[in-house]
Amino acid sequence: MTNAPDDSTRDDFKDYYEGVKGRPPRPTLVQAAAAFAAPGFAVDLGCGDGRDTVELLRRGWRVLAIDSSEEGVARLRRRDGMLDNTALKARVARIEDTDWPEADLINASFVLPLLESAGFERAWARIGARLRSGGRFAGQLYGPKDGWAGKPGMTIHDRAAVERLVSGFIVEQLEEKESDEATARGKPKHWHVFHLVLRKP
Ligand SMILES: C[S@@+](CC[C@H](N)C(=O)[O-])C[C@H]1O[C@@H](n2cnc3c(N)ncnc32)[C@H](O)[C@@H]1O
């Protein structure tokens, strides 16, 4: 029996990028960026084809965009005005295996649950360590009622686990949401998502 890739697969995001083409930036990223008096340096983890990265650049931020998908990073670089944009650096790498400079904002939209648990723990520790004091994290975690919970290689957090993870931060948003919505590839899914905006004291 073959294991056909499904929407949570970590290696083939081509259909995903097609599905999200032209979509606006994530509200968590917009909230975090808007909370700064002036733009600074941001790292966009799991940037995909750049829906959040381009918003940060539009707002005057310098951005290091990181994604494990060559296709995602190539699509980001092909976006209008990106090739000669000196405020953008992009890197193909796995979040759990790479390091980045200290940042004012670290964004990780809908990607951290795709790391297996040891990788997630490494990445979460690094996010905390690489945020400047007063810096912000924006991103999502998935809860146990999510349709992808239990899939091998993913990391799921219940409410208590999320509260432990955020305990060292000032919580500017911790919103737990459940919904039934098609994925970017058009498949039905139950979503159980924690939306986070956190500030490092
Ligand atoms: C669901 S998409 C989210 C893309 C974008 N952040 C957004 O909100 O639309 C997940 C992205 O994370 C990337 N990704 C998955 N696992 C990763 C990992 N371990 N390290 C870096 N990127 C990863 C995928 O290639 C994909 O571009």
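What's counted below: heavy atoms across the whole structure, side chains too, no hydrogens, waters or symmetry copies.
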- Flag if over 12 foreign heavy atoms under 6.0 Å of CG, Asp99: yes

- Message: Would a single hydrophobic cluster contain both Val73 and Tyr17, if residues Ile, Leu, Val, Met, Phe, Trp and Tyr are joined by side-chain heavy-atom contacts under 4.5 Å?
- Response: no

- Task: With the side chain counted from C-beta on, respond yes when Met82 and Val54 share a heavy-atom pair under 4.5 Å apart, and no when they do not.
- Result: yes

- Do Tyr142 and Val193 have side-chain heavy atoms sitting under 4.5 Å apart? yes

- Message: Within the 4.5 Å heavy-atom criterion, are Phe120 and Glu96 side-chain neighbours or not?
- Response: no

- Task: State, yes or no, whether a side-chain contact exists between Arg132 and Lys200 at a heavy-atom distance under 4.5 Å.
- Result: no

- Is any side-chain heavy atom of Leu196 closer than 4.5 Å to a side-chain heavy atom of Thr28? no

- Task: Could you tell me whether the side chain of Trp148 reaches within less than 4.5 Å of the side chain of Thr183, counting heavy atoms only?
- Result: yes

- Test: Glu70 and Arg77 ion pair at under 4.0 Å: no

- Task: Among His192, Lys189, His190, find the residue that satisfies the side-chain hydrogen bond (donor to acceptor under 3.5 Å, both in side chains) test when tested with Asp146.
- Result: Lys189

- Message: Tell me whether Glu163 is salt-bridged to Arg159, with the criterion being a basic N under 4.0 Å from an acidic carboxylate O.
- Response: yes

- Query: Does the separation of the ring centres of Trp124 and Phe137 fall below 6.0 angstrom?
  - Reply: yes

- The side chain to side chain contact (heavy atoms under 4.5 Å, CB included) partner of Arg122 among Asp97, Ile127, Ile95 is Asp97

- Message: Among Arg75, Lys14, Arg79, Arg78, which residue satisfies the salt bridge (charged side-chain N to carboxylate O under 4.0 Å, His left out) criterion with Asp49?
- Response: Arg79

- Query: Tell me, do Arg130 and Pro101 make a side-chain contact under 4.5 Å, heavy atoms counted?
  - Reply: no

- Task: Quick one: do Gln31 and Glu172 satisfy side chain to side chain donor-acceptor pair (under 3.5 Å)? Show the steps, please.
- Result: CA-CA 9 Å; Gln31 179 184 328; Glu172 295 185 332; 5.1 Å; no

- Item | Hydrophobic cluster identity match, Leu56 and Trp100, side-chain contacts under 4.5 Å | no

- Query: Does the side chain of Leu105 come within less than 4.5 Å of Val43's, by heavy atoms?
  - Reply: no

